[in-house]
Amino acid sequence: SFTAYKATVSEFKHFVVFRLGRMPKIQEIDKPLVEAYLQGLLDKGLNPHTRNDRRNILTNLFIYAVDNNWLLKNPVEKIKKIPEPDSDYPKPLSGEEVTKILNYLKKLKNDKSYQIKCYYEIMALVYYAGLRISEVTHLLKTDLDFPLCRINLHNKTIDKETYRTKTGKNWH
């Protein structure tokens with residue numbers, strides 16, 4: 001996101017100024033300086049995934065600089081990503097798995113003996129809107145805006161527990 005990009009570039013700038021005592025020309029930024037910044041992230045306790053994300057952001061920044069002839073080569077290109085531990089979160093479903101589920105729910109909808117006919121619509125909405133599990137499980141009737149045909153997602157507190165959207169911002 002733009003916010004993460006901006007924060008990473010700002011943090012890197014502060015690191016460089018602290019390390020060198022001044023803001024150097026872009027050509028003076030080299031691989032050891034970028035490596036020191038990335039190692040510092042791990043030393044601060046940030047997880048490898050976050051470190052790799054910030055490495056990718058810096059890679060894109062320097063690719064832009066090379067593309068605009070501000071730099072001859074990208075100082076990040078030879079810095080490898082580090083292995084990330086397996087996440088505790090379940091892996092997202094593949095497109096094929098989602099298709100199988102939706103096809104099954106379509107059949108279920110047409111089954112005369114089955115009572116609830118809207119599972120297909122619910123699952124299709126969740127999948128195609130890109131909703132997160134926590135966003136779906138904490139929807140309230142007041143979040144549904146039928147006249148505008150939209151779902152309003154926002155941070156909320158339910159029974160003294162706070163639930164946040166992924167970005168922390170309201171969206172629909």
Side-chain angles (χ1 to χ4, degrees), residues 1-19 23 34 36-65 76 79 81-106 108-109 114-172:
S1 77
F2 177 73
T3 307
Y5 189 91
K6 186 177 172 184
T8 299
V9 171
S10 178
E11 182 183 57
F12 180 66
K13 176 185 166 193
H14 289 306
F15 171 82
V16 169
V17 169
F18 179 78
R19 184 83 177 236
M23 189 61 205
V34 176
Y37 165 72
L38 294 172
Q39 183 58 48
L41 297 176
L42 295 175
D43 294 344
K44 286 181 192 175
L46 285 172
N47 68 41
H49 178 76
T50 302
R51 182 261 190 205
N52 287 339
D53 280 350
R54 296 203 181 153
R55 177 208 161 274
N56 293 342
I57 289 169
L58 291 178
T59 297
N60 291 332
L61 171 70
F62 289 113
I63 286 171
Y64 183 79
V76 185
I79 300 174
K81 289 183 180 183
I82 58 174
E84 298 176 17
D86 287 337
S87 171
D88 293 340
Y89 295 106
K91 300 275 186 242
L93 297 174
S94 69
E96 184 180 313
E97 291 169 321
V98 171
T99 301
K100 282 182 183 178
I101 291 169
L102 292 177
N103 286 339
Y104 174 77
L105 292 173
K106 262 189 207 176
L108 202 58
K109 179 180 180 174
Y114 203 71
Q115 298 294 317
I116 300 174
K117 305 286 185 195
C118 62
Y119 284 141
Y120 170 79
E121 286 80 2
I122 292 168
M123 292 306 295
L125 175 69
V126 168
Y127 176 70
Y128 293 118
L131 298 176
R132 300 173 149 262
I133 298 281
S134 62
E135 292 167 338
V136 173
T137 57
H138 296 97
L139 279 176
L140 302 172
K141 284 183 183 179
T142 55
D143 296 331
L144 306 176
D145 189 341
F146 289 105
L148 292 177
C149 298
R150 70 179 179 195
I151 300 170
N152 297 307
L153 297 157
H154 54 92
N155 301 329
K156 61 183 88 164
T157 303
I158 302 172
D159 296 329
K160 299 181 184 177
E161 191 166 348
T162 302
Y163 299 94
R164 292 177 27 101
T165 62
K166 177 183 178 182
T167 61
K169 296 178 183 175
N170 298 345
W171 67 285
H172 58 266

Next item on the list: Return the minimal non-hydrogen interatomic distance between T165 and L153, and the atom names on each side.
Entry: CG2-C, 4.0 Å
Notebook entry, point to check: Are a donor atom and an acceptor atom from the side chains of N47 and T50 found within less than 3.5 Å of each other?
Noted result: yes
Note to self: Side chains of D143 and H138 only: does a donor on one sit below 3.5 Å from an acceptor on the other?
What the structure shows: no
Item checked: Straight-line distance of E121 CD to L125 CG, nearest 0.5 Å -> 10.0 Å
Next item on the list: Quick one: pull up OH in Y37 and NE2 in H14 and give me the separation to the nearest 0.5 Å.
Entry: 10.5 Å
Next item on the list: Taking all non-hydrogen atoms of both residues into account, name the closest pair between N170 and N155 and its distance.
Entry: OD1-N, 3.8 Å
Next item on the list: First locate atom CG of N103, then atom CG of L108, and finally report the distance between them rounded to the nearest 0.5 Å.
Entry: 12.5 Å
Check: Run the side-chain contact (heavy atoms from CB on, under 4.5 Å) check on K169 and T3 step by step: do they pass?
Finding: CA-CA 12 Å; K169 296 178 183 175; T3 307; 4.1 Å; yes
Notebook entry, point to check: Can you tell me if N152 uses its side chain to pair, donor with acceptor, with the backbone of W171 under 3.5 Å?
Noted result: no
Margin query: So does E97 get a backbone contact from the side chain of S94, meaning a donor-acceptor N/O pair under 3.5 Å?
Written below: yes
Check: If every non-hydrogen atom of P83 is compared with every non-hydrogen atom of P48, which pair is closest and at what distance?
Finding: O-CB, 3.7 Å
Checklist line | Rounded distance (nearest 0.5 Å) linking atom OG1 of T8 with atom CG of L61 | finding: 10.0 Å
Notebook entry, point to check: Stepwise, does the side-chain contact (heavy atoms from CB on, under 4.5 Å) test hold for I79 with V34?
Noted result: CA-CA 9 Å; I79 300 174; V34 176; 3.6 Å; yes
Next item on the list: Mind checking the CG-CG spacing from L46 to L38? Nearest 0.5 Å is all I need.
Entry: 11.0 Å
Next item on the list: Look only at the side chain of E135 and the backbone of R132, and say whether a donor-acceptor pair between them is shorter than 3.5 Å.
Entry: yes
Notebook entry, point to check: What's the verdict on side-chain contact (heavy atoms from CB on, under 4.5 Å) for D145 and H172, showing C-alpha distance, side-chain angles and the deciding distance?
Noted result: CA-CA 10 Å; D145 189 341; H172 58 266; over 6 Å; no
Checklist line | Spacing of R19 atom CZ and F12 atom CZ [to the nearest 0.5 Å] | finding: 10.5 Å
Next item on the list: Indicate yes or no for a side-chain donor-acceptor contact from T59 to the backbone of R55 under 3.5 Å, with no hydrogens or angles considered.
Entry: yes
Notebook entry, point to check: Do N56 and K81 come close enough that some side-chain heavy atom pair is under 4.5 Å?
Noted result: yes
Checklist line | Heavy-atom pair of closest approach, residues I82 and N52 | finding: O-ND2, 2.8 Å
Item checked: Any Q39 side-chain heavy atom under 4.5 Å of D43 side chain -> yes
Item checked: N-O pairing of R51 and E84 below 4.0 Å -> no
Notebook entry, point to check: Which heavy atom of Y120 sits nearest a heavy atom of L102, and at what distance?
Noted result: CD1-O, 3.4 Å
